[in-house]
2 protein chains.
Amino acid sequence: MERSGRRPAAPVTVTVDLVIFTVRQDQLQVLLVERGNEPYRGSAALPGGFVRDGETLDEAALRELLEETALDGRRLHLEQLHAYSDPERDPRGRVITVAYLALGSDLPFPAAGTDAARAYWTPISSALDGGMALAFDHAAILRDGLERARSQLEHTTVAAAFCPEPFTVGDLRRIYEAVWGFKLDPSNFRRKMTRAEGFLEPTGERRFPEVGRPAALYRRGSASLLIPPLLRSSEIPPLSNDQSSMGVRIV
Amino acid sequence: MERSGRRPAAPVTVTVDLVIFTVRQDQLQVLLVERGNEPYRGSAALPGGFVRDGETLDEAALRELLEETALDGRRLHLEQLHAYSDPERDPRGRVITVAYLALGSDLPFPAAGTDAARAYWTPISSALDGGMALAFDHAAILRDGLERARSQLEHTTVAAAFCPEPFTVGDLRRIYEAVWGFKLDPSNFRRKMTRAEGFLEPTGERRFPEVGRPAALYRRGSASLLIPPLLRSSEIPPLSNDQSSMGVRIV
DNA sequence: CCCAATTCAGGTCTAACTGACCATAAGCCG
DNA sequence: CGGCTTATGGTCAGTTAGACCTGAATTGGG
């Protein structure tokens with residue numbers, strides 16, 4: 001940072017917005033709120049809010065997460081996604097937002113006591129298919145969050161963050177299938193996951209499902225990276241709405 | 001974003017800071033400036049500045065880049081890195097910065113006309129080895145930028161952004177070696193790169209170096225992703241002198 | 001002119017991994 | 001019991017990665 005005296009520092013309002021994903025009924029779902037204030041009153045939006053004095057962005061994101069989902073932050077993954085800064089993105093004026101990606105398992109329905117007008121889980125397919133116009137640039141943020149989540153599953157063990165412990169290899173596979181949007185071969189998936197060091201920690205227990213053979217139960221291992229990665233290579237392309245706003249276009 | 005009326009929006013100053021990397025003499029170098037104003041007057045810092053009214057973060061980063069390096073933006077890569085928001089990170093008050101990563105080939109020395117007190121290239125090894133205390137949290141930003149650059153080389157074709165066109169496979173390999181900090185096997189590297197679709201576009205020409213056999217010249221291809229990725233699997237031999245799979249550590 | 005040094009270009013070989021597919025196991029249900 | 005479902009494990013062929021080797025093409029020095 002240089003040149004502090006030259007130009008007046010333009011004052012800016014900063015918010016955090018959260019892309020909170022969970023998997024329910026083998027479906028990737030995102031938490032949306034119905035806006036209670038102008039602008040976009042009544043529209044669907046990502047949960048979020050203003051960053052307060054003396055608060056880091058991470059703290060603000062954690063606070064909003066707790067307010068929206070009443071969730072203990074321990075078993076969920078939270079990471080910064082991107083900062084969005086189009087001067088026209090908020091009709092009230094200059095508002096820059098920093099988006100966060102949160103992944104959680106079996107997240108509860110939003111507590112009734114929150115001050116969001118209404119919060120609810122929606123399958124990303126419906127949230128993105130154009131029928132539901134999200135407020136501000138939240139559709140773009142959601143797309144970026146989805147792509148980030150999909151990419152993270154390739155290289156890290158965060159998929160386990162979607163699974164309540166203990167879980168089976170099948171549970172984990174259904175997470176991958178829900179997030180990526182296509183089926184995986186159960187046999188090859190199991191071989192891959194059980195060989196990745198530090199991903200799955202056997203409990204010795206088994207789970208007896210409604211139907212089918214019992215499955216071994218696992219806990220999350222200590223590894224955070226998936227080595228070697230599981231790349232969604234040449235599979236069936238999922239519902240692709242590639243219109244990412246990330247990356248700078250030059251020329 | 002929700003709950004607009006509840007809390008006053010705390011006004012914040014926003015800056016962009018740039019981690020600008022280039023490779024010179026087979027060394028990864030970063031552009032630093034000597035601060036001309038308080039705080040940290042005289043200390044080394046990353047180039048950057050305030051975001052102006054009506055400007056996106058990307059635009060602010062591009063503007064700073066042009067001011068610092070007088071660079072035509074065509075052959076350089078610019079991407080958002082992370083937002084840093086510790087309330088104590090700037091003694092002047094509440095300043096959030098959004099860091100950008102820029103990669104360029106053969107970048108010129110900073111133009112004399114810029115208003116940065118002094119700008120200069122430094123090998124990252126010296127910039128990070130503690131002897132040179134960077135202003136603010138810029139050491140952390142630089143570390144994050146380095147890790148991002150290293151990771152990008154695995155999955156994308158940005159390494160070519162470091163190479164003035166046309167370039168040889170050897171040029172490209174030396175970029176990887178400089179950024180990653182260890183040697184690669186020339187033969188295996190060439191096999192990998194020439195097979196990756198859309199990375200290298202042969203020109204048919206050759207370059208006759210000072211010493212050694214002439215090398216075929218290439219241009220950047222159209223692909224932006226490197227498929228399959230080139231992973232620096234080498235990495236931390238936990239015990240023993242196992243000199244890793246693909247190379248020998250330098251640095 | 002021949003030789004050493006250097007770098008490029010290519011090839012071989014083996015181990016590992018991938019993806020497609022098959023087979024069996026172990027529950028449930030009627 | 002046989003049929004259905006899911007888990008688990010194995011095979012097999014094709015691909016890839018890493019280690020290593022061979023030769024090609026150039027410069028520079030005796």
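Chain letters run A, B, ... following the sequence lines, proteins first and then strands; every chain starts at 1.
Judged purely by distance below 3.5 Å, without hydrogens or angles, the side chains of A:Tyr84 and A:Asp17 never pair a donor atom with an acceptor atom.
With sequence neighbours excluded, the residues that form a side chain to side chain donor-acceptor pair (under 3.5 Å) with B:Arg191 are B:Asn188. Scored by the ring pair (Phe, Tyr, Trp, His ring centres under 6.0 Å) test, B:Tyr176 finds B:Trp180, B:Phe189 as partners (sequence neighbours excluded). A search for side-chain contact (heavy atoms from CB on, under 4.5 Å) contacts involving B:Pro123 returns B:Gln27, B:Gln29, B:Ser125, B:Ser126, not counting sequence neighbours.
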Before you tell me yes or no, could you show the steps for B:Leu153 and B:Leu230 under side-chain contact (heavy atoms from CB on, under 4.5 Å), namely the whole-Å CA-CA distance, both residues' side-chain angles and the distance that decides it to 0.1 Å?
CA-CA 8 Å; B:Leu153 258 54; B:Leu230 174 54; over 6 Å; no

(message) Would B:Thr156 and B:Leu225 count as a side-chain contact (heavy atoms from CB on, under 4.5 Å) here? Give the steps.
(response) CA-CA 4 Å; B:Thr156 73; B:Leu225 289 179; 4.1 Å; yes

A:Asp58 and A:Tyr100: CA distance, side-chain angles, deciding distance, side-chain contact (heavy atoms from CB on, under 4.5 Å) verdict
CA-CA 9 Å; A:Asp58 289 0; A:Tyr100 276 77; 2.4 Å; yes

- request: Mind running salt bridge (Lys or Arg N to Asp or Glu O under 4.0 Å) on A:Arg232 and A:Glu147 for me, showing each step along the way?
  value: CA-CA 12 Å; A:Arg232 30 171 186 161; A:Glu147 180 46 39; 2.8 Å; yes

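With rounding to whole Å, A:Phe189 atom CZ is found 19 Å from C:dC21 atom C1'. Whole-Å rounding puts the B:Leu231 CG to D:dT16 P distance at 14 Å. With rounding to whole Å, B:Leu217 atom CG is found 17 Å from C:dT7 atom P. Counting to the nearest Å, the P atom of D:dT15 and the CD atom of B:Glu197 are 14 Å from each other. As rounded to whole Å, 11 Å separates atom P of D:dG9 from atom CZ of A:Arg195. Going from atom CZ of A:Arg190 over to atom C1' of C:dT24 covers 14 Å, rounded to whole Å. When rounded to the nearest whole Å, the span between CZ of B:Phe182 and C1' of D:dG18 equals 13 Å. Rounded to an integer number of Å, the gap from CG of B:Asp185 to P of C:dG11 is 15 Å.
For B:Thr168, the listed nucleotide lying nearest its side chain is C:dC8; candidates were D:dT8, D:dG9, C:dC8. Comparing atom distances between the B:Ser187 side chain and each of C:dT18, D:dC20, D:dG10 picks out D:dC20 as nearest. Listed candidates were C:dA9, D:dG10, D:dA17. Nearest to the side chain of A:Asn188 is D:dG10. Among the nucleotides C:dC17, C:dC21, D:dT8, the one closest to the side chain of A:Pro186 is D:dT8.
For A:Lys192 and C:dC17, the shortest distance from a side-chain N or O to OP1 or OP2 is not below 4.0 Å.
Using a cutoff of 4.0 Å between basic side-chain nitrogens and carboxylate oxygens, B:Lys192 and B:Glu154 are not scored as salt-bridged.
Within the 4.5 Å cutoff, the side chain of A:Phe162 has heavy atoms near those of the A:Leu28 side chain. Counting only heavy atoms from C-beta outward, the side chains of B:Arg143 and B:Leu128 approach each other to under 4.5 Å. Contact of the A:Pro228 side chain with the B:Leu231 side chain is not registered, since no non-hydrogen atoms from C-beta on lie closer than 4.5 Å.
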Letter by letter from the 5' end, nucleotides 23-30 of chain D scores (B base, S sugar-phosphate only, - none; protein heavy atoms under 4.0 Å) BBBBS---

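The base of C:dG19 is paired with the side chain of A:Arg191 by a donor and an acceptor separated by under 3.5 Å.
Direction of the helix axis in the helix from C:dC1-D:dG30 to C:dG30-D:dC1 shifts by 10° between the two five-pair termini, rounded to 10°.
A heavy-atom distance below 4.0 Å to DNA chain D is reached by these residues of residues 170-177 of chain A, ordered by number: A:Gly170, A:Arg173, A:Arg174.
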